[in-house]
Number of protein chains: 2
Amino acid sequence: MSKPPTLEPRRTLTLRDVSEASGVSEMTVSRVLRNRGDVSDSTRERVQEAARRLGYVPNKIAGALASQRVNLVAVIIPSLSNMVFPEVMTGISDTLEDTGLQPVVGVTNYSPDREESVLYEMLSWRPSGVIIAGLEHTDAARAMLAQAGIPIVEIMDIDGTPVDSAVGISHRRAGRQMAEAIIAAGYRNIAFLGTMMPHDHRARKRLEGFEDALAKAGLSLVDREFYSGGSALLKGREMTEAVLTRSPQVDFLYYSNDMIGAGGLLYCLHKGLDVPGQIGLAGFNGVELLDGLPRKLATMDACRLEIGRVAAEIIAGKHSSGTIGGEVIELFPTLQKGDTIRG
Amino acid sequence: MSKPPTLEPRRTLTLRDVSEASGVSEMTVSRVLRNRGDVSDSTRERVQEAARRLGYVPNKIAGALASQRVNLVAVIIPSLSNMVFPEVMTGISDTLEDTGLQPVVGVTNYSPDREESVLYEMLSWRPSGVIIAGLEHTDAARAMLAQAGIPIVEIMDIDGTPVDSAVGISHRRAGRQMAEAIIAAGYRNIAFLGTMMPHDHRARKRLEGFEDALAKAGLSLVDREFYSGGSALLKGREMTEAVLTRSPQVDFLYYSNDMIGAGGLLYCLHKGLDVPGQIGLAGFNGVELLDGLPRKLATMDACRLEIGRVAAEIIAGKHSSGTIGGEVIELFPTLQKGDTIRG
DNA sequence: ACGCATGCTGTTACCGCTAACATATCGCAG
DNA sequence: CTGCGATATGTTAGCGGTAACAGCATGCGT
C-alpha cells in the first residue's frame with residue numbers, strides 16, 4: 001500500500017486541530033460543526049473549509065459523554081433472515097430518518113439469554129430508546145429495561161404486560177380469526193404445521209388462539225407437525241407431504257408462517273390436488289413473496305411496516321397520543337383469503 | 001405506570017454509586033467489572049453483589065473515551081431485504097462472537113450519498129474496523145476510509161481497487177463462467193433479465209462478463225429486460241412472460257438473481273414449457289430458497305457466509321495471512337447446474 | 001535482617017467534547 | 001454619553017470512566 005498523496009493520517013484529528021487550522025477556539029469550531037449558537041458567516045466558512053480540508057470526523061463518544069445525549073435507538077430483534085423483521089426495520093428507519101435518531105440493530109436468534117446480553121451491551125451505550133421484539137424477557141432483562149430511564153417499546157405482540165409501551169397485534173386473536181374463517185368455509189379436518197422453536201412465543205400464541213376457536217366449534221386439530229432450521233420453503237414441502245401421507249383425511253393446512261405455507265402450496269399444486277376445493281391452506285405474515293406464487297396463499301398481514309413506524313414515533317416522542325409512556329397500541333391485521341380458502 | 005417495588009431509578013448509576021455501596025474505590029470497581037488486574041476474591045464478590053443489586057450498567061461511552069478502545073465494527077451494506085446480506089451478517093456475527101467485537105449495521109439502500117453519510121456517522125463512533133459492501137464509493141467516502149486509521153474490508157466484489165483489504169468473488173468471472181456453461185450446453189438465443197438499479201455494480205459486472213463470453217463465442221443477447229422495486233418473485237414472472245412473448249425464439253433466460261429466476265421458473269413450469277430442454281434458466285446467489293422449488297434453478301453461490309467470516313477475521317486480526325492490511329482475497333463460487341440447464 | 005517481587009488498592013491526570021457562564025464589541029434608545 | 005440588549009467568541013469545569021503510577025502489606029530467597 002503506497003501512502004496516500006495528501007496528508008498522512010498520523011493520528012486521529014480533534015477539535016483542536018481544526019481550531020488551530022482556522023484560528024478560532026475549539027468551542028467555536030464545535031458550534032459551527034453542530035450548527036448551534038451564533039457564529040459569524042466569515043468564521044463559519046473558515047472553519048468549515050478547514051474541517052473539510054483536514055478530513056475531520058467528530059468524535060461522538062466524547063460529544064455524547066459531554067452532552068449526555070446519544071442519538072441512537074437500540075432495536076433488538078430475533079432474526080434478520082425471515083423477511084418479517086427487515087420490514088419492521090424499514091418502518092423504523094423511515095420514521096427515524098428526519099429526527100436525528102439512528103437505529104442500531106441487535107440480533108438474538110430467539111435466545112432469551114442472548115437477548116439479555118445484547119440488551120446489556122446496547123444499554124451500556126446509553127441509547128435514547130429501546131425497541132425490542134416480544135413481551136417475554138428474562139427477569140434481568142426486564143429489570144434493565146425498567147431501570148433504564150428511557151422510552152421502551154415492545155413490538156409485534158400485545159398479549160401480555162409490557163414494561164413501558166407496546167405496539168403490535170394480538171396473535172391469539174389472529175389465530176382465532178383464521179380458525180373461524182376456516183371453519184366458516186366448511187373445513188373440518190384441520191392440521192397445523194409450524195416451527196418448533198420453544199421461544200417463538202408469537203407462533204405459539206397464534207396456535208393457542210387457533211385451537212381455542214376450534215374447540216369452541218367442537219373441533220380439534222387432527223394432526224400437527226413441527227420443524228426447525230433449514231430452508232423454510234423446503235420444510236413446508238416436506239412437512240406437508242408427511243402430514244398428508246399420515247393423515248389423508250386432512251382438508252386444511254394451517255401454517256405458522258407464509259414461507260412454509262408457500263412450500264406446502266407448491267407441493268399440493270405439484271401433486272395436482274384441488275386447492276382450495278379438496279384442501280385449503282393458510283399461512284401468516286402477508287409476505288410480499290406470495291404475490292409471485294401461482295396461486296395466492298391465504299394469510300394475515302402482521303402490520304410490520306406500521307409496527308416499525310409507530311414504535312419509532314413513540315421513541316421520537318412524536319406519536320399522536322399525548323400520554324407519556326405506558327401505552328399499548330393494538331394494530332389489527334386483515335385476513336386475506338387469497339385463492340386457498342374456498343368461498 | 002406504578003413505580004417498581006425496589007429502588008426508584010432516579011438517575012443513572014455510575015461507578016461511584018457502586019463504589020460507595022461496596023466501600024472500595026471506583027478504580028477497584030472498574031477492575032472487577034472488567035475482570036482486569038488483581039482483585040481479592042472477597043472484594044470482587046462484594047463489588048459484584050453491589051453492582052448486581054443496584055442494577056448497574058457500565059457506561060461504555062465514558063469507558064471508550066478513556067481507554068481509546070471501542071469494541072464496535074461498522075458493517076455497511078446496501079439492503080437487508082434480499083437474503084444475501086443477512087447471510088453475510090451471520091458469517092460476521094459468528095466470527096466476531098468470541099472476540100469481544102460487536103457488529104453494528106448501517107443500510108444504504110444502494111445510494112452512494114446515503115452510504116457516505118452512514119459511513120460518516122459510524123466513523124464518528126470510532127469503530128475498530130469497517131466492513132463495507134462493494135468497491136465503488138464517493139470520493140469523500142473513500143477519503144474517510146483511507147484516513148480512518150483502522151482496518152477496512154470491502155466485501156462481495158474484487159473487480160476493482162480496494163482502499164485496504166477486500167474479500168469477495170469476481171462477478172465478471174462469474175458472469176463469464178455462467179455464459180460458457182450455457183453455450184456449452186448448446187443454448188444460443190439468450191436473454192438477460194435483471195435489476196435496473198444503476199448502483200448495483202455487482203449485477204452490472206456479472207452482465208459485462210456474461211456478454212464478454214457471449215461475444216467471444218460470436219453471440220450476443222437476443223433480448224433484455226430490467227425491473228426495479230416490487231416483489232422479486234412476481235417481477236420475475238412478469239418479466240419472463242414479457243420476454244417470451246416479445247422474443248419467442250429465446251431458449252435461455254439468465255437472471256441477475258435467484259429470486260426473479262425462481263419467479264421465471266414457476267412461470268415456465270406453469271406454462272408447461274419443457275425445462276431445460278426447450279428453455280433453460282439460471283440465476284445467481286445460491287439462496288436456500290431454491291431448495292424448495294419444484295425444480296432446482298441453476299445458480300452460482302456468492303460465498304456469502306464465507307465472505308462474512310473472512311472479513312470479520314481480518315478485522316479481528318486473526319486471519320491466517322501474516323500481512324498487515326491491504327490484501328485481496330478472492331473466493332471462488334461454484335456453478336450449480338441444478339435442473340434447469342441441460343446436459 | 002534485607003531486598004525485592006507480588007498482590008491488592010488508591011490517586012491523579014487525562015480522553016475529546018459541550019453546557020454554562022464570562023467577556024468583548026457594537027448599535028442604538030434614552 | 002450612558003446603559004443595555006444582541007451578537008460573537010472565549011474560558012472553565014466537568015461528563016464517567018481508565019491508564020499509569022504510587023502506596024503498602026506480605027512472603028520469600030539469601
Side-chain angles (χ1 to χ4, degrees), chain A residues 11-48 50-51 54-72 100 120-121 123-128 148-149, chain B residues 10-48 50-51 54-72 100 121 123-128 148-149:
Chain A
R11 58 187 188 75
T12 60
L13 301 159
T14 72
L15 271 190
R16 157 150 254 104
D17 296 291
V18 183
S19 121
E20 280 168 2
S22 54
V24 297
S25 72
E26 301 176 36
M27 196 59 226
T28 301
V29 176
S30 170
R31 279 195 267 258
V32 170
L33 297 178
R34 284 179 302 147
N35 218 359
R36 192 154 309 208
D38 297 314
V39 181
S40 72
D41 289 350
S42 67
T43 311
R44 177 186 314 282
E45 265 176 58
R46 210 142 37 85
V47 169
Q48 282 172 336
L54 295 175
Y56 172 71
V57 177
N59 185 332
K60 287 225 178 179
I61 296 174
L65 183 61
S67 69
Q68 306 282 32
R69 260 182 274 106
V70 180
N71 69 336
L72 301 177
Y120 183 80
E121 186 75 16
L123 284 181
S124 75
W125 286 100
R126 300 289 187 264
S128 297
Chain B
R10 80 176 80 247
R11 57 188 189 73
T12 59
L13 300 159
T14 71
L15 270 189
R16 157 149 253 106
D17 296 291
V18 183
S19 121
E20 281 168 1
S22 54
V24 297
S25 71
E26 301 176 35
M27 195 60 227
T28 302
V29 177
S30 171
R31 280 196 267 257
V32 171
L33 297 177
R34 283 178 303 146
N35 217 0
R36 192 158 308 218
D38 297 314
V39 181
S40 71
D41 290 349
S42 66
T43 310
R44 175 185 317 281
E45 265 176 58
R46 210 142 37 84
V47 169
Q48 282 172 337
L54 296 175
Y56 173 72
V57 178
N59 185 332
K60 287 224 176 177
I61 296 175
L65 183 61
S67 68
Q68 305 281 46
R69 259 182 272 106
V70 180
N71 69 337
L72 302 176
E121 186 75 15
L123 284 182
S124 74
W125 287 100
R126 300 289 187 266
S128 297

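In what follows, chains are A, B, ... by sequence order, proteins preceding strands, each numbered from 1. Remember, predicted model here, so these are calculated numbers, not experimental data.
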Is it the case that the side chain of [X] and the backbone of [Y] share a donor-acceptor pair, with hydrogens and angles ignored and the cut-off at 3.5 Å?
X: Ser19(A); Y: Val24(A); value: yes
X: Ser30(A); Y: Glu26(A); value: no
X: Ser128(A); Y: Val70(A); value: yes
X: Arg44(B); Y: Val32(B); value: no

Candidates [options] - which lies nearest the side chain of [X]:
X: Val24(A); options: dT9(C), dG16(C), dG10(D); result: dG10(D)
X: Leu65(B); options: dG16(D), dC17(C), dT9(D); result: dG16(D)
X: Ser67(A); options: dT18(C), dC15(C), dG17(D); result: dT18(C)
X: Asn59(A); options: dG16(C), dT9(C), dC15(D); result: dG16(C)
X: Arg31(B); options: dA19(D), dT9(D), dG10(C); result: dG10(C)

Looking across every strand, which nucleic acid part, if any, lies under 4.0 Å from [X] by heavy atom: base, sugar-phosphate, or nothing?
X: Arg16(B); answer: nothing
X: Arg44(A); answer: nothing
X: Asp38(A); answer: base

Check each of Val39(B), Thr43(B), Val47(B) against Val29(B) using the side chain to side chain contact (heavy atoms under 4.5 Å, CB included) test, and report the only one that passes.
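Only one option passes, and that is Val47(B).
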Rounded to whole angstroms, how far apart are [atom1] on [X] and [atom2] on [N]?
X: Asn35(A); N: dA8(D); atom1: CG; atom2: P; value: 13 Å
X: Arg36(B); N: dT9(C); atom1: CZ; atom2: C1'; value: 18 Å
X: Gln68(B); N: dC14(C); atom1: CD; atom2: P; value: 14 Å
X: Asp17(A); N: dG16(C); atom1: CG; atom2: P; value: 10 Å
X: Arg69(A); N: dG16(D); atom1: CZ; atom2: P; value: 14 Å
X: Ile61(B); N: dC15(C); atom1: CD1; atom2: C1'; value: 14 Å
X: Met27(B); N: dG23(D); atom1: CE; atom2: P; value: 17 Å
X: Leu13(A); N: dC15(C); atom1: CG; atom2: P; value: 15 Å

On DNA chain C, check which nucleotide each of Gly23(B) and Pro58(A) is closest to and give me the residue with the more 5' one.
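The answer here is Gly23(B).
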side-chain contact (heavy atoms from CB on, under 4.5 Å) between Glu121(B) and Lys60(A), intermediate numbers included:
CA-CA 9 Å; Glu121(B) 186 75 15; Lys60(A) 287 225 178 179; 2.7 Å; yes
Can you work out whether Ala62(A) or Glu26(A) has the more 5'-proximal nearest nucleotide on DNA chain D?
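Result of the comparison: Glu26(A).
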OP1 or OP2 of [N] versus the side-chain N and O atoms of [X]: is any pair under 4.0 Å?
X: Ser25(B); N: dT11(C); answer: no
X: Ser40(A); N: dT9(D); answer: yes
X: Ser30(A); N: dT18(C); answer: yes
X: Tyr56(B); N: dG16(D); answer: no

